[in-house]
Structure formats: structure tokens, C-alpha cells
Amino acid sequence: MVLALAVLSPAAAVACDLAGLPQRIESATATLAYRAEPALTVGVPHVLEIGACARNGSARLVAVDAFMPAHGHGTNYRTEIAATGSGRFRAEGLLLHMPGAWELRFDVETPAGRERLVQEIEVE
């Protein structure tokens, strides 16, 4: 699995803005929302706009990847993450290289610790 690390300024990790991000993943300690451009499909590099919020304090996105459980592998390319402010991030270069069931994996750090939020998707 390939993980990308984000380097954040203290201000980028404090606020939280999920407006306009339709896909949501929630856990006991965090909420993450994202939008992919273009819509997730095979063989096209994607940009994900992501918002990360902690239930108690600030959250920061530290990694984004995709994994195919049925095949036991992840993506072939590294995803680059940049903080854009107000709890928002931009991940570039996510490329799903084959059709099938994938897991989008988002690693988030909150005051409760590091946590992986996962969303299952089907890509054609």
C-alpha cells in the first residue's frame, strides 16, 4: 500500500469545512467527506477534494490510498496530498487501474489518535 503524508500548518488543522462534499464516512471520533473529479472510474487520474473533522478537536488528513481486497493490492501510483485550509485537503493522482471492488482508505489524525476511515466503492 502506498501512503502519502501531508505537511500541515497549525491553522489548517483547526477549522473544519465539509460544505459541497457529497461522499461521507463517519466514525466515533471523526467525519470525513470527499468529492472526486472526475467521477471515480478506471484508468483516469483523479483529484479528491477532502474535508476532515474530529468530534473533539482538530483533525488532519495524513494519507489517502485505494486497495482492492479481492486481489490483495493497492494502486500503482502515489497520491500527493496538500492542505488547502479550514480542514480541507486536495489529493492528486489517485488512479484506479482496473475495474472491480475497491476500498478508498483515508488515514486521519485526531486528538483520539490515528484512524483509518474506509469506503467501499465499485468501479467500472
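Computed from a predicted structure; not experimentally measured. All residue numbers refer to positions in the sequence shown, counting from 1.
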- Query: Who passes side-chain hydrogen bond (donor to acceptor under 3.5 Å, both in side chains) against Arg24, sequence neighbours left out?
  - Reply: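 side-chain hydrogen bond (donor to acceptor under 3.5 Å, both in side chains) check on Arg24 returns nothing, list empty.
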- Task: Applying side chain to side chain contact (heavy atoms under 4.5 Å, CB included), name anything that partners Glu115, two or more places apart in sequence or on another chain.
- Result: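 For Glu115, the residues satisfying side chain to side chain contact (heavy atoms under 4.5 Å, CB included) (neighbours in sequence not counted) are Ser27, Thr29, Ala30, Leu117.
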Is [Y] close to [X] at the side-chain level, that is, under 4.5 Å between some pair of heavy atoms?
X: Leu32; Y: Glu26; result: no
X: Leu94; Y: Leu48; result: yes
X: Thr110; Y: Ser58; result: no
X: Leu61; Y: Asp107; result: no
X: Asp65; Y: Thr75; result: yes

For [Y], does its backbone N or O pair with a side-chain atom of [X] as donor and acceptor, under 3.5 Å?
X: His46; Y: Thr41; value: yes
X: Arg35; Y: Ile50; value: no
X: Arg88; Y: Asp17; value: yes

- Query: Does a salt bridge link Glu109 with Arg60, judged by any charged N lying under 4.0 Å from a carboxylate O?
  - Reply: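 Salt bridge between Glu109 and Arg60, a charged N being under 4.0 Å from a carboxylate O: yes.
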- When clusters are formed by joining ILVMFWY residues with side-chain heavy atoms under 4.5 Å apart, either directly or through shared neighbours, do Met98 and Ile121 land in the same one?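 Result: yes, single cluster for both.
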- Query: Going only through I, L, V, M, F, W and Y residues with side-chain contacts under 4.5 Å, is there a path from Met68 to Leu40?
  - Reply: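 In one cluster: yes.
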Contact summary for [X] and [Y], nearest pair of heavy atoms:
X: Ala59; Y: Ala54; value: CB-N, 3.5 Å
X: Phe89; Y: Thr84; value: N-OG1, 3.7 Å
X: Val64; Y: Ala91; value: CG2-CB, 4.2 Å
X: Arg114; Y: Ala63; value: NH2-CB, 4.1 Å
X: Leu96; Y: Val123; value: CD1-CG2, 3.6 Å
X: Trp102; Y: His73; value: CH2-CE1, 4.3 Å

- Message: Determine whether Tyr34 and Leu104 satisfy the following criterion, side chain to side chain contact (heavy atoms under 4.5 Å, CB included), listing intermediate values before the conclusion.
- Response: CA-CA 11 Å; Tyr34 71 93; Leu104 292 180; 3.3 Å; yes
- Task: Just jot down the salt bridge (charged side-chain N to carboxylate O under 4.0 Å, His left out) partners of Glu103, sequence neighbours excluded, or say none.
- Result: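 Counting only residues at least two positions away or on another chain, Glu103 forms a salt bridge (charged side-chain N to carboxylate O under 4.0 Å, His left out) with Arg105.
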- Please lay out, stage by stage, how Glu49 and Arg90 fare under the test salt bridge (charged side-chain N to carboxylate O under 4.0 Å, His left out). CA-CA 5 Å; Glu49 184 179 353; Arg90 180 178 173 90; over 6 Å; no
- Task: Measure the CD-CD1 distance between Glu120 and Ile25 for me, rounded to the nearest 0.5 Å.
- Result: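 Answer rounded to 0.5 Å: 10.5 Å.
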